Novice: 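To start, I am sharing the structure in question, which I have written as structure tokens.
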Amino acid sequence: MFAPLVAWLRQQQITFSENAAIGPHLYFKIGGTVSLLVTCNAAAQLAAVMKKVIAGRLPYLVIGGGSNIAFFDGLTRVVVVLAQADSSGSAVPIRLLDDRSLTVESGVRNQQLLSWCAATGAGGLEFLSGIPGTIGGAAAVNAGAFGCSMADVLSGADIIDAQGKVRTVDSGHFGFAYRDSSFKFGSDVLLSLRLKFSPVDEGLISKKIRDNLEYRLAHHPSYRQASAGCFFKNPLLRGVKSSAGKIIEECGLKNMTVGGLSVAGEHGNFLLNHGNASFKDLQCLEKKIQSAVAARSGVVLEREVIYVAADGSKY
Ligand SMILES: Cc1cc2nc3c(=O)[nH]c(=O)nc-3n(C[C@H](O)[C@H](O)[C@H](O)COP(=O)(O)OP(=O)(O)OC[C@H]3O[C@@H](n4cnc5c(N)ncnc54)[C@H](O)[C@@H]3O)c2cc1C
């Protein structure tokens with residue numbers, strides 16, 4: 001099924017591997033193998049690959065930094081496209097559109113975008129400081145912190161839809177909600193984004209980026225430990241957003257362990273993979289936490305992290 005695409009990728013000298021282990025590409029390090037793993041380091045290349053994949057009617061899944069996702073343990077029969085901009089080249093895939101908006105390719109890492117913002121005096125995106133992954137992934141999940149999220153700064157995007165058509169859409173197309181957008185479980189692919197910013201002194205932006213990062217380093221488990229960040233969404237209790245981590249801790253579940261996976265001692269909403277956790281371990285720990293929390297506090301916790309099934313569908 002994948003042979004014509006493989007031949008084309010080879011001819012185009014685009015990086016790919018067949019029957020590739022996906023775990024090493026994910027922050028959580030959980031997942032088996034995928035039929036084909038293709039790396040795209042620019043939006044133009046991503047568009048060309050997606051047109052070929054869609055024309056060939058192949059099942060596909062585009063991921064960015066892989067920091068909010070875990071795959072099934074066996075073989076997932078799908079083309080996984082890693083959209084990660086190449087930061088080694090001299091051409092930076094970020095441009096000013098006017099004095100209050102910029103365009104950025106979806107595969108640019110948040111931290112690369114923030115360095116550019118600090119150098120340019122483009123303020124308002126510092127909430128992304130310390131959130132791993134790409135700006136495309138951040139938009140797809142409406143990532144946020146410190147009271148801001150992508151929904152506050154995104155004005156539009158160039159996408160390739162499930163029919164292989166390149167389209168320009170506005171923010172309404174995203175259907176943003178708390179840690180959610182139509183891209184999180186959908187099949188449209190983000191090529192580039194348009195973001196709003198406020199002109200701010202470069203020094204102030206750098207300070208805010210540093211302060212936000214320091215807060216994270218002080219309150220979250222080490223970035224060296226494999227995780228996907230906050231595992232559950234913060235629930236609304238009587239109309240007030242409450243901390244899922246605090247609820248898990250109050251239920252006495254810190255350090256609860258299944259196989260190679262445990263609830264972090266430093267933060268109840270971080271699940272840590274100690275090196276050999278399987279997808280089965282993850283599903284089992286998720287269920288154990290959900291039922292213990294429901295029994296002890298009556299709160300229903302909803303997963304924030306994305307799972308990928310054997311057929312490549314996200315859920
Ligand atoms: C230590 C740590 C701390 C974290 N802190 C936070 C935090 O404070 N706030 C927060 O919101 N999250 C946090 N996260 C979770 C995660 O980093 C964010 O959700 C991040 O924005 C996901 O980006 P990504 O590129 O890694 O997306 P991925 O995990 O690669 O993908 C996530 C989703 O986006 C889709 N996607 C990715 N790229 C594209 C594209 N080009 N086109 C279409 N769809 C695409 C994927 O298909 C998938 O549905 C944290 C994670 C870790 C490990």
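Along the sequence shown, residues carry numbers from 1. From a predicted model like this one, the values you see are computed outputs, not experimental measurements. For ligands, and for the atoms within them, numbers begin at 1 and follow the listed sequence.
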Novice: Short N/O distance, under 3.5 Å, between S227 and ligand 1?
Specialist: no

Novice: Would you check the N or O atoms of G66, main chain and side chain alike, for any that come under 3.5 Å of an N or O of ligand 1?
Specialist: yes

Novice: How far is atom 31 (O) of ligand 1 from its nearest protein heavy atom, and which residue and atom is that?
Specialist: G64 N, 4.4 Å

Novice: Please check whether E304 reaches ligand 1 - meaning an N/O of the residue sits under 3.5 Å from an N/O of the ligand, judged on distance alone.
Specialist: no

Novice: Between the candidates C230, C40, S67, which shows the shortest non-hydrogen contact distance to atom 22 (C) of ligand 1?
Specialist: S67

Novice: Enumerate the atoms of ligand 1 whose separation from the nearest heavy atom of R216 is less than 4.0 angstrom.
Specialist: 5 (N), 7 (C), 8 (O)

Novice: If you take the nearest heavy atom of each of G65, A140, S129, which one is closest to atom 25 (O) of ligand 1?
Specialist: G65

Novice: Taking only heavy atoms of G229 into account, list the atoms of ligand 1 that are under 4.0 Å away from them.
Specialist: 2 (C), 3 (C), 4 (C), 50 (C), 51 (C), 52 (C), 53 (C)

Novice: Could you check whether any side-chain N or O of N142 sits under 3.5 Å from a backbone N or O of S181, counting only pairs where one atom can act as donor and the other as acceptor?
Specialist: no

Novice: Relative to each other, are the rings of Y307 and Y315 parallel, tilted or perpendicular (30° and 60° limits)?
Specialist: perpendicular

Novice: Indicate yes or no: does an N/O atom of L190 lie under 3.5 Å from an N/O atom of ligand 1?
Specialist: yes

Novice: Main chain of A43, side chain of E105: is a donor-acceptor contact present, judged purely on distance under 3.5 Å?
Specialist: yes

Novice: What protein heavy atom is closest to atom 3 (C) of ligand 1, reported as residue, atom name and distance in Å?
Specialist: P132 CD, 3.7 Å

Novice: Polar-atom distance check: Y27 versus ligand 1, any N or O pair below 3.5 Å?
Specialist: no

Novice: Can an N or O of F270 be found at a distance shorter than 3.5 Å from an N or O of ligand 1?
Specialist: no

Novice: Compare I131, D188, V308 and give the one whose heavy atom is closest to atom 12 (N) of ligand 1.
Specialist: I131

Novice: Nearest heavy atom to atom 49 (O) of ligand 1 wins, so pick from K184, M50, E105.
Specialist: K184

Novice: Could you identify the single nearest non-hydrogen protein atom to atom 36 (N) of ligand 1 and state the distance to 0.1 Å?
Specialist: V62 O, 3.6 Å

Novice: Quick one: look up the protein heavy atom nearest atom 11 (O) of ligand 1 and list residue, atom name and how far away it is.
Specialist: G144 N, 3.0 Å

Novice: Does atom NZ of K207 have more than 12 heavy-atom neighbours from other groups under 6.0 Å away?
Specialist: no

Novice: With a cut-off of under 6.0 Å to the ring centre and 45° to the axis, is K208 in cation-pi contact with F146?
Specialist: no

Novice: Fit a plane to each ring of H220 and F270, take the angle between them on a 0 to 90° scale, and name the class: parallel (under 30°), tilted (30 to 60°) or perpendicular (over 60°).
Specialist: tilted

Novice: Would the F71 and F279 ring centres measure less than 6.0 Å apart?
Specialist: no

Novice: Can you tell me the protein heavy atom closest to atom 27 (O) of ligand 1 and the distance?
Specialist: G137 CA, 3.5 Å

Novice: Is it the case that more than 12 heavy atoms not belonging to K184 sit under 6.0 Å from its NZ atom?
Specialist: yes

Novice: Indicate yes or no for a side-chain donor-acceptor contact from S106 to the backbone of L190 under 3.5 Å, with no hydrogens or angles considered.
Specialist: yes

Novice: Identify, for atom 48 (C) of ligand 1, the protein heavy atom at the shortest distance, and state residue, atom and that distance.
Specialist: I306 CD1, 3.5 Å

